[in-house]
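Reviewing the structure listed below.
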Number of protein chains: 2
Amino acid sequence: MAVSQSPRWRRRKEERPAEIVAAALAVFAEKGFAAARVEDIAARAGVSKGAVYLYFADKQALFRAVVAEVAPNLERIEALAAQHQGDFPGLVRALLPQLARTAGESRLGAVAKVVIGESRNFPELARIWHDALVSRALTLAAGLIARAQARGEVRDGDPRAYAFGLVAPLVMGLIWRETFTPVGAEPFDLLALARQHAETALEGMLKRRAA
Amino acid sequence: MAVSQSPRWRRRKEERPAEIVAAALAVFAEKGFAAARVEDIAARAGVSKGAVYLYFADKQALFRAVVAEVAPNLERIEALAAQHQGDFPGLVRALLPQLARTAGESRLGAVAKVVIGESRNFPELARIWHDALVSRALTLAAGLIARAQARGEVRDGDPRAYAFGLVAPLVMGLIWRETFTPVGAEPFDLLALARQHAETALEGMLKRRAA
DNA sequence: CTAAAGTAACTGACCGGTCATTTATTAGCA
DNA sequence: TGCTAATAAATGACCGGTCAGTTACTTTAG
């Protein structure tokens, strides 16, 4: 007999880590850090639990890899901001919707939710997330605003607070989507929110034009 | 001999529940729902683990009690809004800082963080929180805005989106305080944020006065 | 044939919830 | 007033289940 059985599994040293990280992202997003079972992550990656530990030292290392996977999405935004030529309103009108789109596509919001929820138990994760993403994004925005103030486009006021006011509704919308929409709350159209908020915020921040 | 020993414990049926809820609030805020140990809550309340189960059916019931404990803080705000006479700007200038103060004093932010973090595992909690607090607050704000629009004070636009833009920075600030400040991020002055944001948001939302 | 990729059974710790037992308090009675 | 029985508050040892991480073994592939 012995019809050449297809092997029960294959050795795929190269692609395993990425597959495991993708699976981990999904399971962490769904369950949070503590409640995510390594065995479920392994199963979703089509691998046994033991195999996960061939590539990652422990569960936290796995989560760090997930954060590293999601973080680069910010860079698209940073690039966009850096090469922008026009005035402040044009920048905001381009950036906010782009941010809404990027965040909507990636699982950024889901990971953010996990970080927020587990920050006290795993401060290390909160620090990584803060340094790699949140702080950078806020500094970027505050810098753009300060420059616009220097050019006389934007009113006086704490640039960090302005930056907060600019992005918080979007972040809030993301968290809303991850937290309340699944339990039956009315969903938000992130993109529409971003567009209306961009206009409102600009109206609030810009100096009145000389008539 | 028998020098009257002070008893090892006392029977205090009346005050136990409140004490246990207070302890639970602290421990949940610090650890999240899943990672909070009932035994730690009991210890902090000065009671054995078994005693907790004399007053609460299970861990979730305990969390529901915590939510019920924190929720009424919103009612002060609602009352303030209901009895307000003046115009929309006055209302916003009163409400936002008051919200910042109330939220700052109570452990509202801490509980919110827990709800966000565990919403997928305990959707029941998310639903309770949404119905008892978030939805009510948002509906309240949207209603006030819609009325101001009807009076011609506020520009056209989705009232819910405006409401989001109005409160999101504060909520974000709360979450920031609970999540990133403990790991060394620069803290925010919530009250100052509320004040500056109130002015900016008003400038953005109000119709231009006829000159 | 050998190295390393992968498996699966196993271990040890942890924790929510239970329950038989102990102890404070109250009521009843002389 | 002092003694005792009855009651219910509170304890803490324990059980059952879960799960991160380990390890002895099997399978693939050069």
Side-chain angles (χ1 to χ4, degrees), chain A residues 2-24 26-28 30-66 114 118 120-122 124-125, chain B residues 2-24 26-28 30-66 114 118 120-122 124-125:
Chain A
V3 175
S4 89
Q5 298 284 93
S6 71
R8 296 206 288 121
W9 40 266
R10 291 177 180 281
R11 307 175 66 174
R12 290 165 58 239
K13 184 182 168 61
E14 308 304 324
E15 36 281 81
R16 289 295 189 216
E19 292 170 0
I20 293 170
V21 168
V27 177
F28 281 142
E30 189 180 333
K31 304 272 192 187
F33 183 81
R37 299 170 56 231
V38 173
E39 191 146 12
D40 287 349
I41 294 171
R44 186 181 265 253
V47 110
S48 74
K49 183 164 67 149
V52 171
Y53 287 94
L54 292 175
Y55 297 100
F56 300 93
D58 54 21
K59 206 179 169 186
Q60 282 204 44
L62 196 44
F63 190 83
R64 270 192 294 276
V66 167
V114 176
E118 315 264 6
R120 275 298 197 333
N121 300 335
F122 305 93
E124 177 73 2
L125 302 185
Chain B
V3 175
S4 88
Q5 298 284 93
S6 73
R8 297 207 285 125
W9 41 265
R10 293 178 181 279
R11 307 172 64 170
R12 290 167 56 240
K13 184 182 168 62
E14 308 303 326
E15 36 278 84
R16 289 297 188 216
E19 292 171 0
I20 293 171
V21 168
V27 177
F28 282 141
E30 188 179 333
K31 304 275 191 185
F33 182 81
R37 298 169 56 229
V38 173
E39 192 147 12
D40 286 349
I41 294 172
R44 185 181 265 254
V47 113
S48 74
K49 182 164 64 150
V52 172
Y53 287 94
L54 292 175
Y55 298 99
F56 300 93
D58 54 23
K59 209 179 169 187
Q60 283 206 41
L62 196 45
F63 189 83
R64 270 191 293 276
V66 167
V114 176
E118 314 264 6
R120 274 300 198 330
N121 300 335
F122 306 94
E124 178 75 2
L125 302 185

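Numbers restart at 1 for each chain; the letters A, B, ... are given by sequence-line order, proteins then strands. We use all heavy atoms of the structure for the numbers below, so side chains are in, but hydrogens, waters and symmetry mates are not. Since we're looking at a predicted model, the values are computed, not measured.
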Which whole-number value in Å describes the distance from B:Asp40 CG to C:dC14 P? 12 Å
Determine: side-chain N/O of B:Arg16 to OP1/OP2 of D:dA10, distance under 4.0 Å, yes or no. yes
Atom CZ of residue position B:Arg12 - does it have more than 12 heavy atoms of other residues, nucleotides or ligands inside 6.0 Å? yes
What distance separates A:Leu54 CG from A:Arg16 CZ, expressed to the nearest 0.5 Å? 10.0 Å
Side-chain contact check for A:Ser48: nearest option of D:dA9, C:dG17, C:dA8 is C:dA8
Counting only side-chain heavy atoms from C-beta out, which of C:dG17, C:dG6, D:dA29 sits nearest to A:Leu54? C:dG6
Roughly how far apart are B:Arg64 CZ and B:Phe122 CZ, rounded to 0.5 Å? 11.5 Å
Just checking A:Phe56: base, sugar-phosphate only, or nothing, at a heavy-atom cut-off of under 4.0 Å? nothing
What is the nucleic acid contact for B:Ala42, judged by heavy atoms within less than 4.0 Å: base, sugar-phosphate only, or nothing? nothing
Which part of the nucleic acid, if any, lies within reach of A:Ala57 when heavy atoms closer than 4.0 Å are counted: base, sugar-phosphate only, or nothing? nothing
Does the base of C:dA8 carry an N or O that pairs as donor and acceptor with the side chain of A:Lys49 under 3.5 Å? no
Starting at atom CD1 of A:Ile41, determine the distance to atom P of D:dC19, rounded to an integer number of angstrom. 12 Å
So, the side chain of B:Glu118 versus the backbone of B:Ala34: is there a donor-acceptor pair under 3.5 Å, distance only? yes
Which nucleotide wins on minimum distance to the side chain of A:Arg11, given the candidates C:dT7, C:dA3, C:dG17? C:dA3
A:Ile20 has an atom CD1; how far is it from atom C1' of C:dA5, in whole Å? 11 Å
Considering just the side-chain nitrogens and oxygens of B:Arg37, establish if one lies under 4.0 Å of OP1 or OP2 belonging to C:dC15. yes
Roughly how many Å is it from OH in B:Tyr53 to P in C:dT18, rounded to a whole number? 7 Å
Rounded to whole Å, CG of B:Asp58 lies from C1' of C:dC15 at a distance of 14 Å
To check you understand the geometry: which heavy-atom pair defines the closest contact between A:Val38 and A:Lys49, and what is its length? CG1-CG, 3.8 Å
Any idea which of D:dT26, D:dT7, C:dA3 is nearest the A:Trp9 side chain? D:dT26
N/O (side chain, A:Tyr55) to phosphate O (OP1/OP2, C:dA5) under 4.0 Å: no
The side chain of B:Ala51 lies closest to which of these nucleotides: D:dT11, D:dG21, C:dA8? D:dT11
Could you check how far CZ of B:Arg12 sits from P of C:dT26, rounded to whole Å? 13 Å
Once you round it to whole Å, what is the distance between P of D:dA10 and CD of B:Glu14? 10 Å
Do the side-chain N or O atoms of B:Arg8 get closer than 4.0 angstrom to the phosphate oxygens (OP1, OP2) of C:dA24? no
Whether A:Phe33 and A:Phe63 hold their rings parallel, tilted or perpendicular, with breakpoints at 30° and 60°: perpendicular
Please figure out whether B:Ala35 or B:Arg10 has its closest DNA chain C nucleotide nearer the 5' end. B:Ala35
Quickly work out the A:Glu39 CD to D:dG17 C1' distance and round it to whole Å. 14 Å
